[in-house]
Amino acid sequence: MFEVIGERINTSRKNVQAAVSERNAEYIIDDVKKQQAAGANFIDVNAGARIGHEVEDMKWLINTIQPIATVPLCLDSPDPTVLEMAFQMVEKTPMINSISLEKERFDAMIPFLNEKNCKVIALCMDDNGMPSSSDDIVQRAIKLVEELNKIKIKTENIYIDPLVQPISTDVKKGVMVLDAVRAIKLKFPEVHISGGLSNISYGLPQRKIINRTFVSLMMAAGMDSAIIDPLDQKIMATIKTADMLLGHDNFCGNYLRGVRAGVIES
Ligand code: THG
C-alpha cells in the first residue's frame with residue numbers, strides 16, 4: 001500500500017514558522033492530529049528554515065509532537081548532526097530524510113546509519129548536483145542501494161528519491177523520472193520510491209492538477225510513497241483511486257472507505 005509522508009510540519013511554511021518561533025505547541029499538535037486523521041503514515045519534521053535555530057527548533061518540535069504521534073516521524077534535515085540528535089530523541093524508530101551521494105553529507109551519514117534498522121530516504125543527488133538523465137538517476141540509485149546495503153540497511157528500508165525537476169524548464173523532465181523509476185524497480189523490486197512531487201509543476205499555473213496527474217503516473221511506474229500534504233483531499237483521493245486501480249487495495253476496501261468518509265468523490 002502507498003505510504004503518505006505528511007509534509008506540513010516544515011518551518012518553510014509561514015504558519016508553522018510562526019508557531020515554532022512563538023513555541024505555540026497547540027498549533028503544531030492540532031496540525032499533526034489532522035494529518036494523522038487524514039491518513040499520514042509518517043509525519044515529516046523539518047526545522048531548517050530559521051537559520052541558526054535548527055537544533056533547538058527540531059528538539060522543541062519532537063518534544064511537542066511525540067506525545068500525540070500515533071505514527072513514526074520522518075526526520076528531515078540535510079545536516080547529519082541534526083538527524084543524529086533527533087534520532088536519539090524519538091521513541092518509535094523514525095524514517096531518516098535524508099542521505100545523498102554528496103561526499104561530505106554521505107561520509108557523515110554512513111557511520112551514523114551503520115546497522116540501524118530504520119527507514120532511509122536516499123536522494124539521487126551528488127556533488128555534480130541534480131541528475132541530468134534517466135540513466136543518471138538510475139546509476140545514483142544503484143550506488144545508494146549498494147552503499148546502504150554494505151552498512152546493513154535492508155533494501156526494503158530504502159526509499160529512493162529520484163528528485164523530480166520542473167517540466168517548465170524541459171518538457172522531458174517528466175518521462176526522465178518515470179523511466180528511471182521503472183528501471184530502479186526492475187533492478188530492485190524491494191526498494192521503495194518516494195520524494196516530493198510538486199517540483200514538477202514549478203513555474204506553471206494551476207499546479208495542483210499537474211501534481212495530482214503526475215502522482216498517478218509515478219505510481220504506475222512504481223512510486224509507492226510520497227511527501228505530500230495529506231489535508232489536500234484531491235491528491236489523497238487520486239492516490240487512493242490509483243492504488244486501487246494498480247491492484248494494491250484488496251476488495252477495493254480503502255477506496256470504499258474513502259468514499260464513505262466523503263474524501264473521494266467524482
Ligand atoms: N524530498 C525529500 N524531502 C523533502 C522534499 C523532497 N522535504 C522537504 C520538501 N521536499 C517536501 N516538503 C514540503 C513541505 C511544504 C511545502 C512543500 C514541500 C509547501 N509548499 C508551499 C507550496 O508549494 O505552495 C509553499 C510554502 C508555504 O505554504 O508557505 O507547503 O523533495 N526527500
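Both counts, for ligands and for their atoms, begin at 1 and track the order of listing. Remember, it's a predicted structure, so these values are computed and weren't measured experimentally.
- When Gly48, Ala49, Gly196 are checked for heavy-atom proximity to atom 6 (C) of ligand 1, Gly196 turns out nearest.
- Within ligand 1, counting atoms from 1 as listed, the ones closer than 4.0 Å to a heavy atom of Leu123 are 32 (N).
- Counting only heavy atoms of the protein, atom 23 (O) of ligand 1 lies nearest to Arg207 NH1, 4.6 Å.
- Protein heavy atom closest to atom 18 (C) of ligand 1, with residue, atom name and distance, is Glu7 OE1, 3.4 Å.
- Electrostatic pairing of Asp135 and Arg140 does not count as a salt bridge here, judged by no charged N lying under 4.0 Å from a carboxylate O.
- The protein does not reach atom 21 (C) of ligand 1 closely, with no heavy atom under 4.0 angstrom from it.
- For atom 32 (N) of ligand 1, the nearest protein heavy atom lies under 4.0 Å away.
- The distance criterion of under 3.5 Å between nitrogen or oxygen atoms is not met by Asp44 with respect to ligand 1.
- Under 4.0 Å is where a charged nitrogen must lie from a carboxylate oxygen, and between Lys150 and Glu147 at least one such pair does.
- Salt-bridge annotation for Arg105 and Glu102: present, with a side-chain N of the basic residue lying under 4.0 Å from a carboxylate O of the acidic one.
- Counting heavy atoms closer than 4.0 Å to ligand 1, residue Leu163 contributes nothing at all.
- Nearest protein heavy-atom contact of atom 7 (N) of ligand 1 is Asp76 OD2, 2.8 Å.
- For the side chain to side chain contact (heavy atoms under 4.5 Å, CB included) with Asn97, the lone residue among Val45, Leu75, Asp44 that qualifies is Asp44.
- Residues Asp30 and Lys33 are not paired through a salt bridge, judged by the lack of any N-O separation under 4.0 Å between the basic side chain and the carboxylate.
- Here CG of Asn149 is found 11.0 Å from NZ of Lys154. Values are rounded to the nearest 0.5 Å.
- Side-chain contact annotation: Asp161 with Ser194, donor-acceptor N/O pair under 3.5 Å absent.
- Once rounded to the nearest 0.5 Å, the distance linking CG of Leu148 with CD1 of Ile158 reads 4.5 Å.
- Shown in contact with Asp161 at under 4.0 Å from a heavy atom are these atoms of ligand 1, numbered in order with element: 1 (N), 2 (C), 6 (C), 31 (O), 32 (N).
- A cation-pi contact, defined as under 6.0 Å to the ring centre and within 45° of the axis, is absent between Lys240 and Phe2.
- In Asn199, neither the side chain nor the backbone holds a heavy atom less than 4.0 Å from any atom of ligand 1.
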### Message
Please evaluate residues His53 and Thr11 with respect to the criterion side-chain contact (heavy atoms from CB on, under 4.5 Å), reporting the C-alpha separation (whole Å), side-chain torsions for both, the decisive distance (0.1 Å), and the verdict.
### Response
CA-CA 11 Å; His53 296 269; Thr11 50; over 6 Å; no
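- Residue-ligand proximity, Ile121 to ligand 1, at heavy-atom distances under 4.0 Å covers atoms 32 (N).
- Atom 3 (N) of ligand 1 has its closest protein heavy atom at Asn97 ND2, 3.0 Å.
- For atom 13 (C) of ligand 1, the protein comes within 4.0 Å by at least one heavy atom.
- Ion pairing of Asp127 with Lys103 is absent here, as no side-chain N (NZ or NE/NH1/NH2) approaches a carboxylate O to less than 4.0 Å.
- Closest to atom 30 (O) of ligand 1, if we only count protein heavy atoms, is Arg13 CD, 3.2 Å.
- Of the N or O atoms in Ser98, none lie within a sub-3.5 Å distance of an N or O in ligand 1.
- Of all atoms in ligand 1, numbered sequentially from 1 with element shown, those under 4.0 Å from a heavy atom of Ile227 are 1 (N), 2 (C), 3 (N), 4 (C), 11 (C), 32 (N).
- Not a single protein heavy atom sits closer than 4.0 Å to atom 9 (C) of ligand 1.
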